[in-house]
Amino acid sequence: MTAVKNLHDSTGGQALWNAVSDFQFTAWRRVAAVLLTAVPSIALAQLPPPESAGPPSPVPPSVPVPAPGQTTGLARWLNPSTAPFIPVPEVATDPNSGTTLGVLPTWLRTDENHDIDRIIAPDILHNPYFGYGMHVRLYEYPSEDQQWSVVAQIKEHVERGFDGEYQIGRARRDRWSFTGGLIYDRDGTPRFFGTGNKTPESSQTSYTAAQQVARAQIGLNISRIWQLTYTVRARSVDVLPGTLPGIESIEQRFPHITGLGTDRELLQRLSITYDTRDDLTIPSHGTQWVAYGGLASRGGLLNDSLYSEAGVDGRGFWPLRQDTILAVHLALRYLLHTNDAPFWALSSIGGGRSNIGAEQPLRGFGAGRFTDRDSFSMTVELRHKLLSFDALSTHVDIEVTPFVDAGRVFGRSGTVPFTQLHPVGGIGFRGIARPFVVGYVDVGYGSEGSAVFTGIGYPF
């Protein structure tokens with residue numbers, strides 16, 4: 001299960017997949033605009049012209065004459081370099097939520113260095129399962145060290161949510177770092193296939209997950225490379241019957257699975273991080289290793305009355321050439337002890353993103369496709385910069401990224417995690433506006449067919 005639906009991930013996959021078939025430079029500029037806007041929460045638009053210094057000179061009334069080469073009229077709105085905002089069409093395909101159609105008008109503000117410091121990206125959309133709806137998104141990037149965001153959404157049926165996050169001390173230059181967030185999410189798309197590494201596709205069920213989450217992370221920066229982190233997360237999850245037509249509801253096929261109804265979790269986790277990456281958002285070399293252990297309880301005390309966990313998460317980046325980076329990720333999580341832990345607290349693989357200590361990517365399957373006590377995941381990507389140019393008030397890089405994912409879940413700690421893996425191959429396309437913004441579209445193919453994922457930030 002995806003216990004916390006990523007409200008930043010929503011739209012843009014199929015449109016981008018169709019667009020990238022044309023490799024002419026002009027077409028790539030349009031693809032860049034869509035990559036940086038249509039994928040969740042990404043918005044690039046032209047700033048208004050700067051105010052001129054000194055008093056304006058009197059000019060007799062006249063019909064404005066465009067400068068040579070300047071676009072006007074409808075062409076100005078269709079050109080991402082000159083549009084006041086970009087009305088990007090949304091055509092999103094997701095393995096769990098179906099096809100979403102809509103429009104995403106987006107605005108961008110850049111600073112004097114042409115770095116993005118604000119994104120505003122509302123949308124209006126229609127989903128066949130949940131009807132018409134809208135998102136409101138605001139992202140602020142005051143500095144490399146500080147960021148915050150607010151995302152809210154509502155649809156006609158079932159789904160609504162709020163996600164607010166604040167980060168300070170990201171660069172770890174001072175003694176302390178802090179991240180805090182609040183989430184309310186009512187999600188009608190999760191799937192459950194049972195527990196185990198070989199659950200058949202035919203056992204698919206759906207459910208509605210309504211949850212409230214409060215989380216805080218306090219980091220003691222021993223140095224720029226080493227950090228000791230304490231994480232606390234309070235979560236209440238209500239698992240309700242599914243509403244998707246043609247898919248059996250979870251309580252019908254799995255009436256005795258632990259986690260139906262309302263359950264609560266207080267997770268306290270301690271982790272040690274070794275990080276030599278040259279950049280937190282767009283790394284080109286270096287490694288990050290995170291080793292962690294945690295206790296989860298129902299009663300709010302420091303104990304393992306729900307479960308205890310331990311794991312390691314590592315990622316490395318090696319430049320092969322000036323425009324090509326080899327990126328590798330692996331994650332291993334064990335639940336050392338469980339006491340009637342709900343199914344949504346178990347380890348899982350599936351979907352398009354890595355979350356340390358939580359779900360891991362397997363981009364040929366929907367989120368939470370395989371679930372059990374323990375999990376292993378590995379990914380290899382070749383991030384190749386195809387072209388680079390100035391557009392949309394900033395500098396844009398386009399990356400093409402072939403990738404391979406592999407992973408499994410297992411219920412016994414003695415299991416060799418590198419056997420009976422589920423392999424996935426695919427290709428990704430990324431639009432990058434340094435220093436803070438990455439929009440991605442990943443298309444993966446596994447044993448159950450293809451899947452398309454979009455989002456902001458690299459998948460790991």
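We're numbering straight along the sequence, starting at 1. We use all heavy atoms of the structure for the numbers below, so side chains are in, but hydrogens, waters and symmetry mates are not.
A salt bridge links Glu309 and Arg269; the closest N-O separation between the charged side-chain nitrogens and carboxylate oxygens is under 4.0 Å.
Checked by atom type, the side-chain pair Asn303/Ser305 shows a donor-acceptor distance below 3.5 Å. A donor-acceptor pair shorter than 3.5 Å cannot be found between the side chains of Arg172 and Ser223. Side-chain contact of Thr258 with Asp340: a donor-acceptor pair under 3.5 Å is absent, judged by distance alone. Using a 3.5 Å distance cut-off with no hydrogens or angles, the side chains of Asp145 and Ser143 do not pair a donor with an acceptor. Arg408 and Thr419 share a donor-acceptor pair across their side chains, judged by distance under 3.5 Å alone. Ser347 and Arg333 form a side-chain donor-acceptor contact under 3.5 Å, judged by distance and modelled atom types alone. Judged by distance alone, the side chains of Tyr458 and Glu399 do bring a donor and an acceptor atom under 3.5 Å apart. Between the side chains of His337 and Ser308, not a single donor N or O lies within less than 3.5 Å of an accepting N or O. No side-chain donor from either of Asp405 and His422 sits under 3.5 Å from a side-chain acceptor of the other. Using modelled atom types and a 3.5 Å distance limit, the side chains of Asn127 and Ser97 yield no donor-acceptor pair. A donor-acceptor pair shorter than 3.5 Å cannot be found between the side chains of His126 and Thr100.
The neighbour count for Tyr132 OH, taken as heavy atoms of other residues, nucleotides or ligands under 6.0 Å away, does not exceed 12. Crowding of Arg170 atom CZ: a count of heavy atoms from other residues, nucleotides or ligands under 6.0 Å exceeding 12. Remark: Gln252 CD is packed, more than 12 non-hydrogen atoms of other residues, nucleotides or ligands lying under 6.0 Å away. Residue Ile124 places its CD1 atom among 12 or fewer non-hydrogen atoms of other residues, nucleotides or ligands, all under 6.0 Å distant.
Here the closest heavy-atom approach between residue Arg253 and residue Ser202 is recorded as NH2-O, 3.7 Å. Shortest non-hydrogen contact noted between Asp372 and Thr195 is OD2-C, 4.3 Å. Smallest separation of non-hydrogen atoms from Ser388 and Asp397: OG-OD1, 2.6 Å. When all heavy atoms of Asp185 and Ile183 are compared, the closest pair comes out as CB-CG2, 4.1 Å. Of all the heavy atoms in Ser249 and Pro241, the pair that sits closest is OG-CA, 3.4 Å.
No side-chain heavy atom of Pro459 sits less than 4.5 Å from a side-chain heavy atom of Pro361. A heavy-atom distance below 4.5 Å is not found between the side chains of Ile282 and Val437. The closest side-chain heavy-atom distance from Met378 to Gln360 is not below 4.5 Å. No side-chain heavy atom of Phe453 sits under 4.5 Å from any side-chain heavy atom of Val443. For the pair Phe429 and Tyr440, the minimum side-chain heavy-atom distance is 4.5 Å or more. The closest side-chain heavy-atom distance from Leu267 to Val232 is not below 4.5 Å. Contact check for Glu165 versus Val150: no side-chain heavy atoms found under the 4.5 Å cut-off. By the 4.5 Å heavy-atom criterion applied to side chains, Ile272 and Trp226 are counted as neighbours.
Going from atom CD1 of Ile356 over to atom CD of Gln288 covers 5.0 Å, rounded to the nearest 0.5 Å. In this structure, OH on Tyr141 lies 10.5 Å from CG on Asp117, to the nearest 0.5 angstrom. Distance check: Thr401 OG1 to Ile325 CD1 gives 9.5 Å after rounding to the nearest 0.5 Å. Considering CZ of Phe130 and CZ of Arg160, their distance stands at 11.5 Å, rounded to 0.5 Å. Here the straight-line distance linking atom CG of Leu330 with atom OG of Ser377 works out to 8.5 Å at 0.5 Å rounding.
Between the side chain of Arg277 and the backbone N or O of Gly286 there is no donor-acceptor pair closer than 3.5 Å.
For Phe370 and Phe365, the ring centers are positioned less than 6.0 Å apart. Within the 6.0 Å centre-distance limit, the rings of Tyr207 and Phe343 are counted as a close aromatic pair. With ring centers used as reference points, Phe162 lies 6.0 Å or more from Tyr184. The six-membered or imidazole ring of Phe376 lies near that of Phe418, with a centre-to-centre distance under 6.0 Å.
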Output, in order, the C-alpha distance, side-chain angles, deciding distance and verdict of side-chain hydrogen bond (donor to acceptor under 3.5 Å, both in side chains) for Ser284 and Arg383.
CA-CA 10 Å; Ser284 61; Arg383 299 175 179 175; over 6 Å; no

One pair to check against side-chain hydrogen bond (donor to acceptor under 3.5 Å, both in side chains): Thr208 and Asp187. What are the steps and the verdict?
CA-CA 6 Å; Thr208 299; Asp187 181 7; over 6 Å; no

Please lay out, stage by stage, how Gln146 and Tyr166 fare under the test side-chain hydrogen bond (donor to acceptor under 3.5 Å, both in side chains).
CA-CA 8 Å; Gln146 182 182 9; Tyr166 176 77; 2.9 Å; yes

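For the side-chain hydrogen bond (donor to acceptor under 3.5 Å, both in side chains) test with Thr231, the passing option among Gln268, Gln217, Arg215 is Gln217; the others fail.
A cation-pi arrangement, defined by a distance under 6.0 Å to the six-membered ring centre and an angle within 45 degrees of its axis, is absent between Arg353 and Phe460.
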